[in-house]
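What you see is a predicted model, and the numbers here were worked out from it, not measured in a lab. Labels below follow one simple rule: chain letters A, B, ... track the order of the sequence lines, proteins then strands, and each chain is numbered from 1.
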Amino acid sequence: MHDYLKGLNEQQKEAVLHINGPLMIVAGAGSGKTKVLTTRIAHLMNQGVDAFNILALTFTNKAAAEMKERIEKILGNSEARNLYIGTFHSVFARILRGEAHRIGYPNNFTIYDTDDSRSVLKTVINEMNLDDKHYKPSVVGNRISSAKNALVGPAEYATDYYIQQEDMRANRPAIAQIYAAYAARCFKNGAMDFDDLLLKMYELLKNFPEALHKYQHKFKYILIDEYQDTNAVQYQITKLLAAAHENICVVGDDAQSIYSFRGATIENILQFQKDYDDVKVVKLEQNYRSSQSILNVANEVISNNKGQIPKNLWTENSAGEKISLVRTMTDNDEGKFTADTIQEQKLRNHYHNRDFAILYRTNAQSRAFEESLRRMGIAYRIYGGVSFYQRKEIKDFLAYMRVIVNTNDEVSLLRIINYPARGIGKTTLEKCAIYANEQNIPLFEVVSRAGEFGFKGGTLEQLSNFVTMIRYFQSLLTDKNAYDVAVQVGKHTNITKELFADKTTEGLARYENIQELLNSIKEWTESPLNEEDGEVGEKSLGAYLQQITLLTDADDDKENSDVVKLMTIHAAKGLEFGCVFVAGIEEMLFPNAMSINTREELEEERRLFYVAITRAKHRLWLTYANTRYRFGQLVQNEPSRFIEEMPEQYIDKSYAGGGARNNFSSDMGSAFERMQRGFGFGSQAADAEKKYGPPPAKKTNSKPEYLPITPPSSKVVEHKPGADFVASDTSNLQAGQEVEHQKFGFGTVAKVEGSAHNPVATIVFKLNGEKKIMLNYAKLRIIS
DNA sequence: TTTTTTCCTATTGGG
DNA sequence: TAGGAAAAAA
């Protein structure tokens, strides 16, 4: 082990060497926070603290993984694998898995992501005969989430005067009942949503003294990263856990608090000093990341916020280049400017793709950048947005696995009971749901005892086939691993086959995604057992499913891949990049229109801006557009008020005003750009192709007004069948036969396809062109 | 029951 | 604009 104290400054050393008693580290941006945390943990272990007694909570899995890795490097052994390092959610999920029996949950409880949770809410709202247009699941869900994060249960929610007043004023008085029904339903489903992972952990510690005692003594040393972003539940949990030993170390920066929307409160950081006696406070004020110019701008901007914890962030780094402020005409130009500049910087200053990040306020802004990067042939990766595990095909597949492990999980059951289509439709399911609610039994039980509930014939057969299949998968659990089960699921459900048969681009992508999922399950199954696998400690399917839900796509980062990174500013917290573009510095967008109503909101936007700026090490571009498409509508935005808050002497505004230099392209591009803007695509289009490659295929919305080969279906040329029209038996219909359709008239059968139960004929009609006709329903008269 | 078409609404942020 | 959900057609 090398001397880990070397290379630390005085304050950092002070923080690392403090072992017992409460410690608060106020860590400015880029002040070596992670280094201090990891070194401190290594130091604790070096002083004889057992890794099993250390708990470190972070906000992202990535931060946790990075910490673990760095500790291992310092220590030079693999003791670090015994540390409890992870996000609040993943660590608590692990603990709850082991303690589930105490709070009445199965240890294989399902974790619902936001989509799953909204779908439960929708079901509950509909069952209560409320209008889901008025009680929107997303709105109600956010309200319930805030309640949970503030430790307000359904009972308290219903009786709290102010909460009720608020709901009344919003004309949503039933939220309290929905909340109660939602919580009950999740419990019945054996499922927890993200907020439950925190709330149930709190309840476990609060209501079960043995559990509290156990974990208080297990976690003798507690470290919490990003403390400024903790909310009330997280605060209460850590307070309970730390009460016995008071060896709690929190790291935070009030200037970087950006998660108040999910209940985080800066109060926690201020409260910390009141909660414990003799809190040692260490301020890390030397910034090792950014150039002088960048830091000066950041400091100046944040000074507009009131009530900051006083600190003086400074750096020994050189002044560096000025910050570039760039105005473009449109959001697309903003994208082109960014891609062009990246290309130019790569050539001129020998940067790589991986040195660049494009940060924006909202995910919707990513598209313009994607397009222009693709045209320039620059490799990029988007973080956030729809993650891998949120894709439909992946969720469908995982839903099978979830049902196998926990048949009470109604959300997953409803997802798959008729996917792939097996003839169990809406009517059948509605009946099942009614029985399940009447008798208060799980939906799956109704399905598996369908005969007793009066289902007969084909429906009964389909239902029992489904149950038999699930039971078969369950029988595999005892001696097959997660991967083997997954393969069987793919095979017996025909999911793989069905997707493989779909030769469209999207179908191909879906098939590949499933393959990728299978690979990742295999990889997980074969990876060595470690602390991550939970209290229960096994490689079961249940363990796999629980960790998968808590992953985000920022986590499976191929760190070395040479790509430009695109993400929201929120997602960029804790990261740093050589060159940073912050896009859309406009009123309504940043600060966002939703967050300009109170001083608190505006100050949070400003902190967000501060976070964005301080991600940059060497170069920083701030871009904004005169007009951009929002909502499919062209809108004009003023430059952001934050621009005026930046000190002029560090800003290069030569691309921010009007005039020729306003145009970003240094050479012939500028004329083209002006032409294009003024006159639409003209003779210069060829130049554009040379420069940017062929434009992406445009989906034309305008229908040609002449010569439609197949008339639009809305304009069916009506055919009136004779009074004697009699539908023929079409069970043996062959290609080449002539038929008469009740509505479309005469035509020739081109082919017959589809399953035996649901044959589909493609028929070319004389008057109405090609149609796909489902023979089970359409009335056809065979002529020859 | 399944597929296609039309309609509608959303865009602050994430584990 | 785009994607999902409801409505309509098959």
Student: List the residues meeting side-chain hydrogen bond (donor to acceptor under 3.5 Å, both in side chains) with A/N592, not counting sequence neighbours, and say none if there are none.
Tutor: none
Student: Touch check for A/S595, heavy atoms < 4.0 angstrom, all strands: base, sugar-phosphate only, or nothing?
Tutor: base
Student: Rounded to whole angstrom units, what separation is found between the CZ atom of A/R630 and the C1' atom of C/dA2?
Tutor: 16 Å
Student: In residues 254-262 of chain A, which residues come under 4.0 Å of DNA chain B by heavy atom?
Tutor: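 By residue number: A/Y259, A/F261, A/R262.
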Student: Which pairs, protein N/O on one side and nucleotides 4-7 of chain C N/O on the other, fall under 3.5 Å?
Tutor:
| from | atom 1 | to | atom 2 | distance (Å) |
| --- | --- | --- | --- | --- |
| C/dA6 | OP1 | A/K122 | NZ | 3.0 |

Student: When you measure from the side chain of A/N418, which nucleotide among B/dT2, B/dT1, B/dG15 comes out closest?
Tutor: B/dT2
Student: Looking only at side chains, do A/Q236 and A/Q234 share a donor and an acceptor under 3.5 Å apart?
Tutor: no
Student: In chain order, what residues pass the side-chain hydrogen bond (donor to acceptor under 3.5 Å, both in side chains) check against A/Q256, with sequence neighbours excluded?
Tutor: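 Listed in chain order: A/D253, A/R615.
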Student: Which residues pass the side-chain hydrogen bond (donor to acceptor under 3.5 Å, both in side chains) test with A/S117, not counting sequence neighbours?
Tutor: A/Y182
Student: Looking at residues at least two apart in the chain, or sitting in another chain, which of them share a side-chain hydrogen bond (donor to acceptor under 3.5 Å, both in side chains) with A/K148?
Tutor: A/D193, A/D196
Student: By salt bridge (charged side-chain N to carboxylate O under 4.0 Å, His left out), which residues pair with A/R606, not counting sequence neighbours?
Tutor: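 Testing A/R606 for salt bridge (charged side-chain N to carboxylate O under 4.0 Å, His left out), a comparison that skips the adjacent residues, returns A/E645.
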Student: Mind checking ring-ring contact (aromatic ring centres under 6.0 Å, His included) for A/F261 and listing every partner two or more places apart, or none if nothing turns up?
Tutor: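 Result, ring-ring contact (aromatic ring centres under 6.0 Å, His included) vs A/F261: A/Y259, A/H570.
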Student: Listed by chain and number, what are the salt bridge (charged side-chain N to carboxylate O under 4.0 Å, His left out) partners of A/D229, not counting sequence neighbours?
Tutor: A/K573
Student: So, is A/N363 near the phosphate of B/dG13, with a side-chain N or O under 4.0 Å from OP1 or OP2?
Tutor: yes
Student: Atom OH of A/Y610 and atom C1' of B/dG13: how far apart are they, to the nearest Å?
Tutor: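 Answer to the nearest Å: 20 Å.
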Student: Please report the distance, rounded to the nearest Å, between CD in A/E226 and C1' in B/dG15.
Tutor: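 It works out to 13 Å between those atoms.
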